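What you see is a predicted model; the values in this text were computed from it and never measured. As a basis for the values below, the full set of heavy atoms in this structure was taken, side chains included, without hydrogen atoms, waters or symmetry mates.
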Amino acid sequence: MGFVLPTHLKTDLSSRLVGTGSARAFSYRFQRKNHQAFLSFPKLVVSSASFSQKCFATVAPVVAEVEEKETFDSETAGLLVKELRKSFNSGRTKSYEWRMLQLSNIARMLDEKEKDIIEALYKDLSKPELEAFISEISTAKSSCKEALEGLKQWMVPQKVKTSISTYPSSAEIVSEPLGVVLVISTWNFPFLLSIDPIIGAISAGNAVVLKPSEIAPATSSLLVQLVEEYLDSSAVKVVEGAIPETTALLEQRWDKILYTGSAKVGRIVMAAAAKHLTPVILELGGKSPAVVDSDVDLQVAVRRIIAGKWACNNGQACIGVDYIITTKDFAPKLIEALKNELEQFFGKDPMNSRDISRIVSSTQFARLVKLLEEDKVSDKIVLGGQTDENQLKIAPTILLDIPEDTQIMNEEIFGPLLPIVTVEKIEGSFDVINSRPKPLAVYVFTNNEQLKKSFVENISSGGMLINDTVLHVAVAGLPFGGVGESGMGSYHGKFSFDGFSHKKSVLYRSFSGDSTLRYPPYTPEKQKLLKAVISGNIFRIIMALMGW
């Protein structure tokens, strides 16, 4: 059984998740004794023998039995991991055939269930159909296709040259699966950020548990159905729930954990993983800036910024543009261009646009409104600011030169609010960025080649894109991950395979060519020759052999 998560971590996890609206979960379809309100329960995908939902409508004695079996605590989580480890140890998931079958099934699922996925994303986020297809379904399809096409080559051991000191020998690096891994997904891209890590974990030959976000309940429920229908349920499972279920899972010993979310909760995940020395991939976020020079094609630059802000889940994206840095002289032109293009994209009344997502929950809505209504912020609005709590909508909002000590300038916005910070010279943006924690992404718009080079050399970030936004995540050959507070580790494509694999070093030797040099007694002649061999200097070896 896993360790007990310390009380202070449980309290912290609870407060962090509740603070972001993560307390919402699936509801019991019956009432416990002494409880009038509906409570939370996880849906655990185990096998075709899972309890039918019809059981919830039966008589009280049966209900009590279902209630007991549906409780997901540390003991249940431990049994789940034990079952998965047994499945992994059987060797089935390690085979090329098993991996290809699961990946093929995912590819088929993405084709057959495209409409269902789009509907779920609309229920959770009012995500426009085209945006849902491009940012979630199409991206998942590309990831799956790359794995199907590249898996055989990825699994081939990598040959390594050996030295004269081990002659005769050969060596290779073997990619082996880590074992049983946990993926904790998030709500802003609830389908993609669940399926993409699963593709990587399966490609590497692991058994995997997915904990989707309860803040996107329609997508979470759909993932349960899809995994049960299309994948091997003895090796791939889904656990739904909220704080208690996440805590129970984190108490177990995993071979790797991939968490996507905030840096605050990332610290809790890492602390829990440290108890078992479990390695982690943390995909976090941060304040990702877009630096805009004055020598750009302004219309193109503005359109691409809008695409990386409001057309990217309405700013609710870890790689979305968090704020802009430009010069004081150029700011008025930039703001005017943003106003014009926003009207072209979302109309005169963006609150009624069908091409922009809503805020995911009332908790997130309240958080964003609080940022907007702070004393030093509310009078800095130059565009937008409209809010509608009933629809959970906030208009695209631009703010100019907000004081540095405000909350909006010290935490990731994760919404449709876009501050513009001005500097005297564009080179001043270096100091602004480097004074903050390292961001997940930096976007630079300029035609100045020296400025591009300086940004690449002097700005540390998870990724960087010159003259566009967010598209770097679509390049299969680039790893996606953060640095510092924006995360650790990376995945996507081959990097997902590597992230869920152990690179095992293997050296092969025969019984021939055995030398007495390595064995006692260590005579002066042996010492000279052995040092010459270790140095790799042929001239010294010849000299030593000749006794010189």
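Ion pair E449/K452 flagged as a salt bridge, since at least one NZ, NE, NH1 or NH2 atom sits closer than 4.0 Å to an Asp/Glu carboxylate oxygen. Salt bridge R108/E229: absent, no basic N to carboxylate O contact under 4.0 Å. A salt bridge is defined here as a Lys NZ or Arg NE, NH1 or NH2 lying under 4.0 Å from an Asp or Glu carboxylate O, and D468 with R304 meets this definition. Under a 4.0 Å N-O distance rule, the pair E485/K438 does not qualify as a salt bridge. Salt-bridge formation is not detected for the pair K264/E412: no Lys NZ or Arg NE/NH1/NH2 atom is positioned less than 4.0 Å from an Asp or Glu carboxylate oxygen.
Under a cut-off of 6.0 angstrom, the local environment of NZ in K115 is sparse, with at most 12 non-hydrogen atoms contributed by other residues, nucleotides or ligands. In this structure, E119 places its CD atom where more than 12 heavy-atom neighbours from other residues, nucleotides or ligands lie under 6.0 Å away. In this structure, K123 places its NZ atom where only 12 or fewer heavy-atom neighbours from other residues, nucleotides or ligands lie under 6.0 Å away. Within 6.0 Å of OH on Y122 lie no more than 12 heavy atoms contributed by other residues, nucleotides or ligands. Within 6.0 Å of NZ on K145 lie no more than 12 heavy atoms contributed by other residues, nucleotides or ligands. The number of heavy-atom neighbours closer than 6.0 Å to CE of M155, taken from other residues, nucleotides and ligands shown, is above 12. Around the NZ atom of K328, the shell of radius 6.0 Å holds more than 12 heavy atoms that belong to other residues, nucleotides or ligands.
Rounding to the nearest 0.5 Å gives a distance of 10.0 Å between CG of L258 and OG of S490. To the nearest 0.5 Å, atom CD1 of residue I281 and atom OG1 of residue T260 are 9.0 Å apart. Rounded to the nearest 0.5 Å, atoms CG (L371) and CE (M409) are 11.5 Å apart. Between the CG atom of N313 and the CG atom of N188 there is a distance of 6.0 Å, given to the nearest 0.5 Å. Atom CG of residue L151 and atom CD of residue Q153 lie 10.5 Å apart, to the nearest 0.5 angstrom. Rounding to the nearest 0.5 Å gives a distance of 8.5 Å between CD1 of I305 and CG of L298.
The backbone N or O of P212 sits nowhere less than 3.5 Å from a side-chain atom of S194 that would complete a donor-acceptor pair. The main-chain N or O of V180 is found under 3.5 Å from a side-chain atom of D255 such that the two form a donor-acceptor pair. The main-chain N or O of S221 is found under 3.5 Å from a side-chain atom of E240 such that the two form a donor-acceptor pair. Q316 places a side-chain N or O within 3.5 Å of a backbone atom of R358 that can act as its donor or acceptor partner. Although no hydrogens or angles enter the test, the distance criterion places no donor-acceptor pair under 3.5 Å between the side chain of K376 and the main chain of D405. Side chain of T247 to backbone of I243: a donor-acceptor contact under 3.5 angstrom is found. Using modelled atom types, one side-chain atom of E245 and one backbone atom of A242 make a donor-acceptor pair closer than 3.5 Å.
Tested against I137 for a side-chain contact (heavy atoms from CB on, under 4.5 Å), the candidates D111, I117, I195, L192 yield a single pass: I117. Among the candidates L342, V321, T397, the single residue satisfying the side-chain contact (heavy atoms from CB on, under 4.5 Å) test with W310 is L342.
For the pair V280/Y259, no side-chain contact is recorded, criterion being any heavy-atom separation below 4.5 Å from C-beta on. When side chains are defined from C-beta on, L249 does not count as touching I184, because their heavy atoms never get closer than 4.5 Å. Counting only heavy atoms from C-beta outward, the side chains of K287 and R436 approach each other to under 4.5 Å. Side chains of L284 and C318 form no contact here, defined as non-hydrogen atoms less than 4.5 Å apart. Within the 4.5 Å cutoff, the side chain of V360 has no heavy atoms near those of the D124 side chain. Between Y491 and D196, the closest side-chain pair of non-hydrogen atoms falls below 4.5 Å. Between L125 and W187 there is a side-chain heavy-atom pair separated by less than 4.5 Å. Side-chain contact between L400 and I335 is present, with heavy atoms from C-beta onward closer than 4.5 Å.
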For L226 and L231, what are the C-alpha separation, side-chain angles and deciding distance, and is it a side chain to side chain contact (heavy atoms under 4.5 Å, CB included)?
CA-CA 8 Å; L226 297 182; L231 298 178; over 6 Å; no

Start with the C-alpha gap between L148 and M100, add the side-chain angles, then the distance that decides, and say whether side chain to side chain contact (heavy atoms under 4.5 Å, CB included) holds.
CA-CA 7 Å; L148 284 165; M100 287 296 288; 3.7 Å; yes

Would you please test L338 and I324 for side chain to side chain contact (heavy atoms under 4.5 Å, CB included) and show each step?
CA-CA 12 Å; L338 283 166; I324 289 175; 4.2 Å; yes

Run the side chain to side chain donor-acceptor pair (under 3.5 Å) check on K393 and T387 step by step: do they pass?
CA-CA 6 Å; K393 283 196 171 185; T387 64; over 6 Å; no

Tell me, with the steps shown, if F365 and D388 meet side chain to side chain contact (heavy atoms under 4.5 Å, CB included).
CA-CA 9 Å; F365 180 89; D388 185 335; 5.7 Å; no

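Of all heavy-atom pairs between N467 and T446, the closest is OD1-N, 2.8 Å. Closest approach of D322 to I413, counting heavy atoms only: OD2-N, 2.9 Å. Minimum heavy-atom separation, S429 to I325: CB-CG2, 3.6 Å. Contact detail for A441 and Y443: the closest heavy-atom pair is CB-OH, 3.5 Å. Of all the heavy atoms in S135 and T139, the pair that sits closest is O-OG1, 3.4 Å. Taking each heavy atom of S175 and K503 in turn, the nearest pair found is OG-NZ, 2.6 Å.
For the residue pair E112 / Y230, a side-chain donor-acceptor distance below 3.5 Å is found, with atom types taken as modelled. A donor-acceptor contact closer than 3.5 angstrom is absent between the side chains of K211 and S185. For the residue pair Q407 and E411, a side-chain donor N or O sits within less than 3.5 Å of a side-chain acceptor on the partner.
Taking the six-membered ring where the residue is Trp, the centroids of W154 and F500 are separated by 6.0 Å or more.
For R99, the salt bridge (Lys or Arg N to Asp or Glu O under 4.0 Å) test picks out no residue, with sequence neighbours left out.
A cation-pi contact, defined as under 6.0 Å to the ring centre and within 45° of the axis, is absent between R367 and F414.
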